[in-house]
A.B. asks: 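Before I ask anything, let me first share the structure, which is written out below as structure tokens.
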Amino acid sequence: MATYDLEQQEQLDQVKHFWKQYGNLITWVLVLVLGAYAAWTGYLYWQQQRAVGAGGLYEELDRAAGAGNTDKAIQAFADLKGKYAGTTFAEQGALMVAKVAVEHQKADQGKAALQWLVDSGKNANLVAIARLRLAGIQMDAKQYDEALKTLSADTPAEFAALVQDRRGDVLLAQGKKDEAAKAYGEAWKSMDPTVEYRRFVEGKLTALGQPPAAAPNKVAPTN
């Protein structure tokens, strides 16, 4: 019995020694782990609340745009951008409000929304769409240099043909027919042959007297 009590005492002394040496470190590690978990949980909750709030304002913007209420749509986007910048809802909202603003002769507001997306957007595909639309507005306003600059930025590969097509439009509006034809040619070559819009680009080239070269006819095998 005495031997058992002695072993217990030795174990207890070892625990005390270990805790004295490493207790503070263990405590701080636990505090950091629990703090990180609490922070992560709080971040997820914050993200969820942002998504809910942004989604509500986006729905409000969508309703206003559908009803043709440009002023209300612009205000809804301003709230969305101000409170939830960085969300996909805000970036999609920029495209929506720009469309309705331009349709209702408020090109400046539409241009501003697209410029915000170009400058601040995180979704590369949405930013590329914004660049194409912004360049179109700038072209209509005869701001050709600005339009070409807007189109000069890097964009995802899947938008390369559309960027070249829009460049062709801007160059043609400037009277630079040869440069426009070159851009249209690049767009035509980059597009999948199954894409219907490719025929429209081909029509532009034909109108400029530079139709794309037809694929060589296959020679039928002779028996």
Side-chain angles (χ1 to χ4, degrees), residues 40-143 146-167 169-170 173 187 191-192 194-201:
W40 176 247
T41 302
Y43 174 75
L44 291 178
Y45 176 77
W46 177 74
Q47 287 284 72
Q48 182 182 25
Q49 292 301 109
R50 275 175 60 83
V52 171
L57 282 174
Y58 182 82
E59 288 181 4
E60 182 180 335
L61 169 57
D62 187 32
R63 287 193 297 269
N69 191 333
T70 311
D71 290 338
K72 189 172 182 179
I74 291 172
Q75 183 58 55
F77 172 66
D79 293 339
L80 184 59
K81 179 180 65 173
K83 296 178 181 178
Y84 304 107
T87 64
T88 301
F89 282 120
E91 296 184 13
Q92 292 175 332
L95 295 176
M96 183 183 296
V97 76
K99 180 177 183 296
V100 71
V102 171
E103 287 175 350
H104 291 81
Q105 290 73 52
K106 294 191 176 184
D108 287 344
Q109 288 90 333
K111 182 180 175 182
L114 292 172
Q115 189 66 61
W116 173 82
L117 178 50
V118 165
D119 294 338
S120 307
K122 297 179 180 179
N123 186 306
N125 290 336
L126 295 179
V127 170
I129 295 171
R131 286 189 180 280
L132 289 168
R133 295 184 182 178
L134 177 59
I137 294 174
Q138 291 168 329
M139 179 180 67
D140 291 341
K142 302 186 186 305
Q143 299 170 336
E146 289 88 341
L148 291 174
K149 183 178 178 181
T150 296
L151 295 169
S152 67
D154 291 336
T155 53
E158 55 267 34
F159 289 92
L162 293 175
V163 169
Q164 287 294 340
D165 177 58
R166 184 53 55 88
R167 284 188 73 252
D169 292 342
V170 177
M191 285 186 185
D192 189 296
T194 61
V195 175
E196 185 66 23
Y197 189 78
R198 192 172 189 248
R199 296 176 60 186
F200 187 60
V201 177

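Since we're looking at a predicted model, the values are computed, not measured.
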A.B. asks: Any non-hydrogen side-chain atom of Ile74 less than 4.5 Å from a side-chain atom of Leu61?
C.D. replies: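 No. Closest side-chain heavy atoms not under 4.5 Å.
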A.B. asks: Compare every heavy atom of Ala73 with every heavy atom of Ala64, then report the nearest pair and how far apart it is.
C.D. replies: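 What the structure gives for the nearest pair is CB-N, 3.6 Å.
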A.B. asks: First locate atom CG of Leu114, then atom NZ of Lys99, and finally report the distance between them rounded to the nearest 0.5 Å.
C.D. replies: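 With rounding to 0.5 Å, CG (Leu114) is 12.5 Å from NZ (Lys99).
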A.B. asks: Ring pair (Phe, Tyr, Trp, His ring centres under 6.0 Å) with Phe159: which residues, sequence neighbours excluded?
C.D. replies: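 Applying ring pair (Phe, Tyr, Trp, His ring centres under 6.0 Å) to Phe159 gives none.
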A.B. asks: Without swapping roles, check the side chain of Glu91 against the backbone of Leu126 for a donor-acceptor pair under 3.5 Å.
C.D. replies: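 No.
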A.B. asks: Search all heavy atoms of Lys122 against all heavy atoms of Val127 and return the closest pair with its distance.
C.D. replies: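 Smallest heavy-atom distance, with atoms named: N-CG2, 4.4 Å.
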A.B. asks: Quick one: closest heavy-atom pair of Gly110 and Ala98, and the distance?
C.D. replies: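 Residues Gly110 and Ala98, closest heavy atoms: O-CB, 3.5 Å.
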A.B. asks: Filter on ring pair (Phe, Tyr, Trp, His ring centres under 6.0 Å), then keep only pairs touching residues 90-109, sequence neighbours left out; what's left?
C.D. replies: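 Output for this query is empty, none listed.
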A.B. asks: Determine whether Met191 and Leu162 make a side-chain contact, defined as any pair of heavy atoms from C-beta on separated by less than 4.5 Å.
C.D. replies: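 The answer is yes, as the side chains (C-beta and beyond) meet within the 4.5 Å cut-off.
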A.B. asks: Can you confirm whether more than 12 heavy atoms, excluding those of Asp119, are under 6.0 Å from its CG atom?
C.D. replies: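 More than 12 within 6.0 Å, yes.
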A.B. asks: Nearest 0.5 Å please: distance from the CG atom of Asn69 over to the CD atom of Glu60.
C.D. replies: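 The distance works out to 10.0 Å.
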A.B. asks: Between CD1 of Ile137 and CD of Glu146, what distance do you get to the nearest 0.5 Å?
C.D. replies: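 Ile137 atom CD1 to Glu146 atom CD measures 13.0 Å (nearest 0.5 Å).
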A.B. asks: Is any side-chain heavy atom of Val118 closer than 4.5 Å to one of Gln115?
C.D. replies: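 A side-chain contact exists here, since the closest heavy-atom pair is under 4.5 Å.
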A.B. asks: When you compare the side chain of Phe77 with that of Met96, does any pair of heavy atoms fall below 4.5 Å?
C.D. replies: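 Heavy-atom side-chain distance check fails, nothing below 4.5 Å.
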A.B. asks: List the atom of Leu57, the atom of Lys83, and the distance in Å for their closest heavy-atom pair.
C.D. replies: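 Heavy atoms of Leu57 and Lys83 come nearest at CD1-CD, 4.4 Å.
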A.B. asks: I need the full list of side-chain hydrogen bond (donor to acceptor under 3.5 Å, both in side chains) pairs touching residues 105-114, with sequence neighbours left out, sorted by first then second residue.
C.D. replies: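 Non-adjacent pairs meeting side-chain hydrogen bond (donor to acceptor under 3.5 Å, both in side chains): Asp71-Lys106, Lys111-Gln143.
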A.B. asks: Taking C-beta and beyond as the side chain, do Phe200 and Asp165 meet within less than 4.5 Å on heavy atoms?
C.D. replies: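 Not touching, per the 4.5 Å side-chain cut-off.
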A.B. asks: Quick check against the 3.5 Å criterion: does Arg131 have a side-chain atom that pairs as donor or acceptor with the backbone of Thr150?
C.D. replies: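 The answer is yes, because a donor-acceptor pair under 3.5 Å joins these two groups.
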A.B. asks: Between Val170 and Gln138, is any pair of side-chain heavy atoms under 4.5 Å apart?
C.D. replies: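 Sidechains of Gln138 and Val170: no contact.
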A.B. asks: Nearest heavy-atom pair of Val102 and Ala107: which atoms, and what distance?
C.D. replies: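 Looking at all heavy atoms of both residues, the shortest contact is CG2-CA, 4.3 Å.
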